[in-house]
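Heavy-atom basis, side chains included; hydrogens, waters and symmetry copies ignored. As the structure is a prediction and not an experimental result, all values here were calculated from the model.
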Amino acid sequence: MTGRQDAVLNELKFKVERLIKLYIASLENNRIQENRINELLNEIGDLKSENKILNEELKTARVANAISGNNDGSYQAKMRINQLVREIDKCIALLNN
């Protein structure tokens, strides 16, 4: 081979090695990002569960306040009681079938 061909071949080898290193680095970066995404998805699930629990506690507190007469929330209390009665009726219907 001539000197020019050797130089082109060496440059090509250098570029291929560089591409391989960049590819390996991008694979590692993708793995890290996928792990982070999974962590965030788990955190979102936990926060949604916590939000649901807190909303139920808030509803219960509002009903308790309405029943105790601390505010003018008797309508909310009636609605919550009706909802609970409907849920109980559904459970009884399921048990009877």
Side-chain angles (χ1 to χ4, degrees):
M1 281 194 215
T2 64
R4 173 144 171 76
Q5 289 174 336
D6 286 339
V8 169
L9 186 59
N10 286 336
E11 183 179 348
L12 185 59
K13 285 181 185 179
F14 173 76
K15 287 182 179 182
V16 168
E17 288 173 1
R18 187 169 154 233
L19 280 174
I20 290 171
K21 289 178 184 176
L22 288 172
Y23 174 73
I24 291 170
S26 69
L27 286 178
E28 178 65 17
N29 188 32
N30 285 346
R31 186 188 63 75
I32 291 169
Q33 295 302 324
E34 286 175 359
N35 288 340
R36 181 69 178 139
I37 288 170
N38 288 331
E39 289 172 5
L40 291 172
L41 289 173
N42 289 336
E43 186 177 343
I44 287 171
D46 293 343
L47 290 172
K48 283 183 178 180
S49 297
E50 183 180 349
N51 187 31
K52 185 175 180 180
I53 291 168
L54 290 173
N55 280 331
E56 287 299 318
E57 289 177 6
L58 179 61
K59 285 180 186 177
T60 303
R62 285 181 178 163
V63 170
N65 283 338
I67 291 172
S68 68
N70 290 342
N71 62 14
D72 194 24
S74 62
Y75 175 76
Q76 288 181 351
K78 288 178 186 177
M79 295 303 295
R80 179 67 176 147
I81 291 170
N82 287 338
Q83 179 187 4
L84 292 171
V85 169
R86 282 193 301 272
E87 288 178 16
I88 292 170
D89 287 342
K90 286 180 186 178
C91 291
I92 291 171
L94 288 173
L95 290 173
N96 288 334
N97 290 333

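- Under the salt bridge (charged side-chain N to carboxylate O under 4.0 Å, His left out) criterion, Glu11 pairs with Lys15, sequence neighbours left out.
- The distance from atom CG of Asn51 to atom CG of Leu58, rounded to the nearest 0.5 Å, is 10.0 Å.
- Partners of Arg31 according to the side chain to side chain donor-acceptor pair (under 3.5 Å) rule, which considers only residues two or more places apart in sequence or in another chain, are Glu28.
- Within the model, atoms CD1 of Ile24 and CG of Leu19 stand 11.0 Å from one another, a figure rounded to the nearest 0.5 Å.
- Ile88 belongs to a hydrophobic cluster with Ile92, counting contacts under 4.5 Å between side-chain heavy atoms of Ile, Leu, Val, Met, Phe, Trp and Tyr, direct or through other members.
- Between the side chain of Gln5 and the backbone N or O of Thr2 there is at least one donor-acceptor pair closer than 3.5 Å.
- For Glu87, the side-chain contact (heavy atoms from CB on, under 4.5 Å) partners are Gln83, Leu84, not counting sequence neighbours.
- Shown here are the side-chain contact (heavy atoms from CB on, under 4.5 Å) partners of Ile37, two or more places apart in sequence or in another chain: Leu41.
- Scanning for side chain to side chain donor-acceptor pair (under 3.5 Å) contacts around Glu57 gives an empty result, with sequence neighbours left out.
- Annotation: salt bridge (charged side-chain N to carboxylate O under 4.0 Å, His left out) contacts of Arg86 (sequence neighbours excluded): none.
- Taken to the nearest 0.5 Å, the CG atom of Leu54 stands 10.0 Å off from the CG atom of Leu47.
- Side chain of Asn29 to backbone of Ala25: no donor-acceptor contact under 3.5 angstrom is found.
- Annotation: side chain to side chain donor-acceptor pair (under 3.5 Å) contacts involving residues 40-50, sequence neighbours excluded, are absent.
- With sequence neighbours excluded, no residue forms a salt bridge (charged side-chain N to carboxylate O under 4.0 Å, His left out) with Arg18.
- Taking Glu56 as the reference, Arg80 meet the side chain to side chain donor-acceptor pair (under 3.5 Å) condition, with sequence neighbours excluded.
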